[in-house]
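See below for the structure under consideration.
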There are 2 protein chains.
Amino acid sequence: MAASESTRPHRTALAAPARTGTCSTCGARAASVCSAIEDHDLSRLEAVAETVRMAPGTVFITEGEPADRFLNITSGTAKLFKLLPDGRRQITGFADVGRFLGLAAADQYGFSAEAIDAVTACRFSRARLGQLIHDAPQLEARLLRIASTELAAAQEQMLLLGRKTALERVASFLLERDASVPVCLGSGSGVSLPMTRTDIADYLGLTIETVSRTLSTLRTRGLISIDRPTEISILLPDRLRALAAGEG
Amino acid sequence: MAASESTRPHRTALAAPARTGTCSTCGARAASVCSAIEDHDLSRLEAVAETVRMAPGTVFITEGEPADRFLNITSGTAKLFKLLPDGRRQITGFADVGRFLGLAAADQYGFSAEAIDAVTACRFSRARLGQLIHDAPQLEARLLRIASTELAAAQEQMLLLGRKTALERVASFLLERDASVPVCLGSGSGVSLPMTRTDIADYLGLTIETVSRTLSTLRTRGLISIDRPTEISILLPDRLRALAAGEG
DNA sequence: CGACGTGTTGAAAGCTATCAAACTTAGTGG
DNA sequence: CCACTAAGTTTGATAGCTTTCAACACGTCG
């Protein structure tokens with residue numbers, strides 16, 4: 001992931017790992033809470049944060065464990081989920097670059113988090129977040145804004161899970177993913193899906209078979225093309241949007 | 001919240017409307033954000049807040065409209081929901097006494113709110129919330145805590161909507177309602193349901209028929225008794241909890 | 001008393017899940 | 001370079017849970 005190979009087609013720039021402990025050069029800063037911190041306060045942040053790397057499949061937050069740490073994703077994508085005793089899983093969201101994780105009013109994490117691809121993150125303790133907020137009060141307003149945004153997204157997802165059909169769910173998912181990609185290359189509407197069909201199914205409240213069948217239906221209808229399982233192009237965005245909104 | 005009539009069976013004490021503009025005697029204060037405000041700051045709060053009364057069925061927040069006001073429920077229960085163009089509805093939550101409404105990072109409300117029974121609330125503008133936070137910074141921490149708690153609840157509801165069966169959903173709902181009743185009378189486990197079956201269905205992602213059938217099933221199995229449509233008793237809380245957790 | 005809104009129960013249909021098998025992709029080693 | 005393996009994906013057939021359509025019961029209220 002060295003940024004030296006600038007001719008590579010994919011998202012290598014975004015995947016560049018943060019240099020350990022140098023917030024001022026952190027590629028995720030602009031997209032994260034840290035943008036709320038002034039330059040002259042960054043040194044203080046560096047002092048309390050550590051950079052961690054997680055291999056794909058690593059569970060780095062476990063529901064029910066003491067919520068004593070926060071992290072900020074600096075590269076890669078993670079899935080956040082909750083489990084039922086018999087193994088049924090609901091993915092509550094995907095966390096990309098800049099996502100702040102660990103917000104919890106309770107003493108325990110309310111969800112688990114697992115790295116999908118290689119994930120790097122900036123980590124610090126709950127106590128130190130308190131320090132940071134004390135030093136930079138605007139951080140708290142920023143966190144409130146983040147929490148509000150996540151809450152709105154959660155409510156939108158409740159609408160999806162409770163009232164949308166499989167076709168509408170998959171359409172919504174593709175558009176959401178499309179919008180989430182920061183500054184992709186000029187591939188038009190190429191949606192990249194680092195997660196498996198199982199992950200998508202557990203996010204949309206469906207089975208992998210239904211996700212696969214639904215994607216095939218969208219392809220047959222000409223709304224999308226499935227270039228590879230992990231790469232989908234949106235051909236008719238307007239019709240896909242209509243579907244996602246429940247007007248299809 | 002006059003405690004003078006202590007012999008009355010139901011929640012009449014809670015339903016007593018707040019005296020207009022007197023925060024210091026507001027019955028909802030202890031349960032709301034306002035508990036974060038010191039006594040000597042309350043007069044300032046009174047100056048910027050107005051008390052509003054909504055009749056049952058009143059829609060007092062509409063999705064998509066400018067989010068320029070906040071309110072704090074002082075009595076009654078409201079339903080929060082999102083709609084699809086064809087009328088499908090997802091209720092994202094019920095707001096009881098003390099609930100703070102209007103948190104939104106966006107400029108528009110992300111949901112609508114409608115009074116279920118008679119609702120009274122304390123209302124103030126977004127600009128004035130800024131003033132309040134400026135005067136009482138601990139308010140912001142409190143709001144962050146509230147948002148985090150709501151976020152955790154939303155994630156739990158996503159698990160319910162995406163992965164639980166009708167039986168598990170209804171069991172979860174009854175237990176949630178049971179826990180939400182502040183200090184009910186000593187009726188054991190009497191759950192009061194001010195909302196209709198339609199509301200319950202739209203909250204659980206089911207139809208009214210399925211809700212009704214599922215309640216009947218729970219009654220047949222001896223887990224609950226349906227005293228009235230709006231009043232249900234939990235007879236076997238352990239088995240209901242097991243069901244709700246997905247172990248049933 | 002009758003109308004109406006709400007809730008309950010029944011029968012059939014539909015969408016998605018489950019079970020099963022073929023196919024594709026990526027990685028490995030001959 | 002290609003065969004082989006394992007994981008993931010796609011497609012097919014069937015089953016099941018919930019929805020839909022319909023009728024009846026209950027309680028309120030004019």
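Please read these numbers as outputs of a predicted model, since none were measured by experiment. Chain letters run A, B, ... following the sequence lines, proteins first and then strands; every chain starts at 1.
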Determine, stepwise, if the pair B/Thr92 / B/Lys82 fulfils side-chain hydrogen bond (donor to acceptor under 3.5 Å, both in side chains). CA-CA 7 Å; B/Thr92 58; B/Lys82 290 172 75 75; over 6 Å; no
Got a salt bridge between A/Arg88 and B/Glu168, using NZ or NE/NH1/NH2 to carboxylate O under 4.0 Å? yes
Short N-O contact, B/Arg163 and A/Asp202, less than 4.0 angstrom: yes
Would you mind reading off the distance between [X] atom [atom1] and [N] atom [atom2], rounded to a whole angstrom?
{"X": "B/Leu193", "N": "C/dT6", "atom1": "CG", "atom2": "P", "result": "16 Å"}
{"X": "B/Met195", "N": "C/dG7", "atom1": "CE", "atom2": "P", "result": "11 Å"}
{"X": "A/Asp202", "N": "C/dT16", "atom1": "CG", "atom2": "P", "result": "17 Å"}
{"X": "A/Leu215", "N": "C/dT24", "atom1": "CG", "atom2": "C1'", "result": "16 Å"}

Among residues at least two apart in sequence or on other chains, which ones pass side chain to side chain donor-acceptor pair (under 3.5 Å) with A/Arg239? none
Take B/Ser225 and B/Asp227, measure what side-chain hydrogen bond (donor to acceptor under 3.5 Å, both in side chains) needs, and give me the verdict at the end. CA-CA 6 Å; B/Ser225 72; B/Asp227 310 323; 3.0 Å; yes
Nt span of DNA chain D in reach of chain B heavy atoms at under 4.0 Å, 5' end first, is D/dT18 to D/dC21
Hey, does B/Ser212 reach any base, or is it just sugar-phosphate, or nothing, if we go heavy atoms under 4.0 Å? base
What does A/Arg219 touch in the nucleic acid at a heavy-atom separation under 4.0 angstrom: a base, only the sugar-phosphate, or nothing? sugar-phosphate
Between B/Thr210 and B/Thr207, is any side-chain donor less than 3.5 angstrom from a side-chain acceptor? yes
Between the side chains of B/Thr120 and B/Ser75, is a donor N or O closer than 3.5 angstrom to an acceptor N or O? yes
For A/Asp227 and B/Thr196, find the nucleotide of DNA chain C closest to each by heavy atoms; which residue's nucleotide sits nearer the 5' end? B/Thr196
Start with the C-alpha distance between A/Asp96 and A/Arg99, add both sets of side-chain angles, then the distance that settles salt bridge (Lys or Arg N to Asp or Glu O under 4.0 Å), and finish with yes or no. CA-CA 6 Å; A/Asp96 294 298; A/Arg99 177 71 173 266; over 6 Å; no
Tabulate atom names and distances for all N/O pairs under 3.5 angstrom spanning the protein and nucleotides 17-21 of chain C.
unit_1, atom_1, unit_2, atom_2, d
C/dA17, OP2, A/Thr207, N, 3.3
C/dA17, OP2, A/Thr207, OG1, 3.1
C/dA17, OP2, A/Thr210, OG1, 2.5
C/dT18, O4, A/Arg213, NH2, 2.9
C/dC19, N4, A/Glu209, OE2, 3.0

